[in-house]
Amino acid sequence: MILATKRLLLAPWTDRDLAPFAALNADPEVMRYFPKALTTEESNALVDRLRGMWTDHGYGFAAVRRREDDAFIGMVGVQKVLNPAYPFAPAVEVGWRLAKAFWRQGYASEAARAALAHGFDVLGLAEIVAFTAVPNLPSRAVMASLGMTRDPVDDFLHPLLPEEHPLRPHVLYRLMRDDFRR
């Protein structure tokens with residue numbers, strides 16, 4: 001499956017995506033709201049898990065390329081959250097991670113909007129969520145630009161991070177199909 005926007009293609013992962021994705025995941029600035037930057041091996045294992053989501057569920061986070069020059073810019077998509085440790089699971093989340101060179105150009109919102117449309121229109125989902133660490137204001141701004149809303153009662157402590165970890169407090173944003181603005 002390939003989703004196309006005016007400037008982007010969201011497509012299945014290929015081996016040519018591994019090196020630029022590993023570089024993105026090794027960048028401390030890109031990964032500042034994650035527990036740590038990833039090694040090449042960890043990044044490749046993540047791609048294997050992402051491919052597995054596609055195999056198991058028929059959708060997941062996709063590799064994103066810019067149409068004008070085929071540049072790999074990151075990953076965006078919707079995927080299932082099945083781990084019962086998350087207080088909102090089971091759910092489907094929309095998420096994104098872009099290389100720093102592609103920040104502040106509207107790519108995250110553009111690609112996420114296409115992923116949301118696919119989730120609501122093709123997959124028939126009633127609700128899609130997004131979550132991030134409290135200090136991740138750039139991602140929270142994207143969530144708001146997509147029409148997602150936050151109720152502080154839904155905020156949570158990330159269940160996979162240690163109690164003392166500074167990124168453990170998380171916010172949860174929600175979007176219902178009927179509230180989605182294309």
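- Taking OG1 of Thr5 as the reference point, atom CG of Leu10 lies at 7.0 Å (rounded to 0.5 Å).
- Salt bridge annotation for Glu110-Lys6: absent, with no cationic side-chain nitrogen under 4.0 angstrom from a carboxylate oxygen.
- Counting heavy atoms from C-beta outward, Asp70 and Arg16 have side chains that approach closer than 4.5 Å.
- Looking at heavy atoms from C-beta onward, Ile73 lies out of side-chain contact with Arg7 at the 4.5 angstrom threshold.
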query: Under the side chain to side chain contact (heavy atoms under 4.5 Å, CB included) criterion, do Lys36 and Glu42 qualify, and how do the steps go?
result: CA-CA 11 Å; Lys36 67 182 191 82; Glu42 290 167 329; 2.6 Å; yes
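- Remark: Arg97 is not positioned above the aromatic ring of Phe61, lacking an NZ or CZ atom under 6.0 angstrom from the ring centre and at most 45 degrees off the axis.
- When the side chains of ILVMFWY residues are joined at heavy-atom separations under 4.5 Å, either directly or via intervening members, Val78 and Leu3 end up in a single hydrophobic cluster.
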field: Full working for side chain to side chain contact (heavy atoms under 4.5 Å, CB included) between Glu163 and Arg168
entry: CA-CA 7 Å; Glu163 283 188 34; Arg168 193 164 187 232; 3.4 Å; yes
- prompt: Can you check side chain to side chain donor-acceptor pair (under 3.5 Å) on Ser109 and Ser145, steps first, answer last?
  reply: CA-CA 7 Å; Ser109 296; Ser145 78; 3.2 Å; yes
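- Under the 4.5 Å side-chain criterion, counting only non-hydrogen atoms from C-beta, Val94 is in contact with Met148.
- By the rule that hydrophobic residues join a cluster once side-chain heavy atoms approach within less than 4.5 Å of another member, Phe34 and Val76 end up as members of one cluster.
- What you find for Leu172 and Val129 is that their closest heavy atoms are CD1-CB, 3.8 Å.
- Listed here is the closest heavy atom pair of Ala89 and Pro84: CB-CA, 4.4 Å.
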message: Is there a side chain to side chain contact (heavy atoms under 4.5 Å, CB included) between Val92 and Leu123? Walk through the geometry before answering.
response: CA-CA 11 Å; Val92 174; Leu123 302 175; 6.0 Å; no
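- Under the 4.5 Å side-chain contact rule for hydrophobic residues, Val64 and Trp96 share a cluster.
- Annotation: side chain of Leu8 is in contact with side chain of Tyr107 (closest heavy-atom distance under 4.5 Å).
- Closest approach of Pro12 and Ala63 over heavy atoms only: O-CB, 4.4 Å.
- To the nearest 0.5 Å, the span separating OG1 on Thr40 from CZ on Phe21 amounts to 11.5 Å.
- Hydrophobic clustering of Ile, Leu, Val, Met, Phe, Trp and Tyr side chains at less than 4.5 Å, counting indirect connections, keeps Leu161 apart from Leu38.
- The CG atom of Asp48 sits 8.0 Å away from the CG atom of Leu18 when rounded to the nearest 0.5 Å.
- Cluster annotation: Trp103 is not connected to Tyr33 through the hydrophobic network of ILVMFWY side chains, with a link wherever side-chain heavy atoms come within less than 4.5 Å.
- Heavy-atom minimum distance, Gly74 versus Leu24: CA-CD1, 3.7 Å.
- The distance from the OG1 atom of Thr149 to the CE atom of Met176 is 9.5 Å, given to the nearest 0.5 Å.
- Salt-bridge formation is detected for the pair Asp15/Arg51: a Lys NZ or Arg NE/NH1/NH2 atom is positioned less than 4.0 Å from an Asp or Glu carboxylate oxygen.
- Closest heavy-atom contact between Ala4 and Leu9: CB-CD2, 3.6 Å.
- In this structure, Phe131 and Val81 have side chains that are in contact, with non-hydrogen atoms separated by less than 4.5 Å.
- The aromatic rings of Tyr86 and Phe156 lie perpendicular to each other, with more than 60° between the two planes, well past the 30° mark.
- Under the 4.5 Å side-chain criterion, counting only non-hydrogen atoms from C-beta, His158 is not in contact with Leu167.
- Here Arg174 does not pair with Asp179 in a salt bridge; the nearest charged N to carboxylate O distance is not below 4.0 Å.
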query: side chain to side chain contact (heavy atoms under 4.5 Å, CB included) between Thr132 and Val171: does it pass, once the steps are laid out?
result: CA-CA 6 Å; Thr132 192; Val171 292; 3.9 Å; yes
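- Leu175 CG to Ile128 CD1: the interatomic distance, rounded to the nearest 0.5 Å, is 7.0 Å.
- Distance alone, capped at 3.5 Å, places no donor-acceptor pair between the Asn44 side chain and the Glu41 backbone.
- Once rounded to the nearest 0.5 Å, the distance linking NZ of Lys100 with CD of Glu29 reads 4.0 Å.
- Taking 4.5 Å as the limit, some side-chain heavy atom of Trp13 sits within range of a side-chain heavy atom of Met75.
- Scanning all heavy atoms of the two residues, the minimum distance from Leu50 to Gln79 falls at CD2-OE1, 3.7 Å.
- Contact annotation: the side chain of Arg150 approaches that of Asp155 to within less than 4.5 Å [non-hydrogen atoms, C-beta and beyond].
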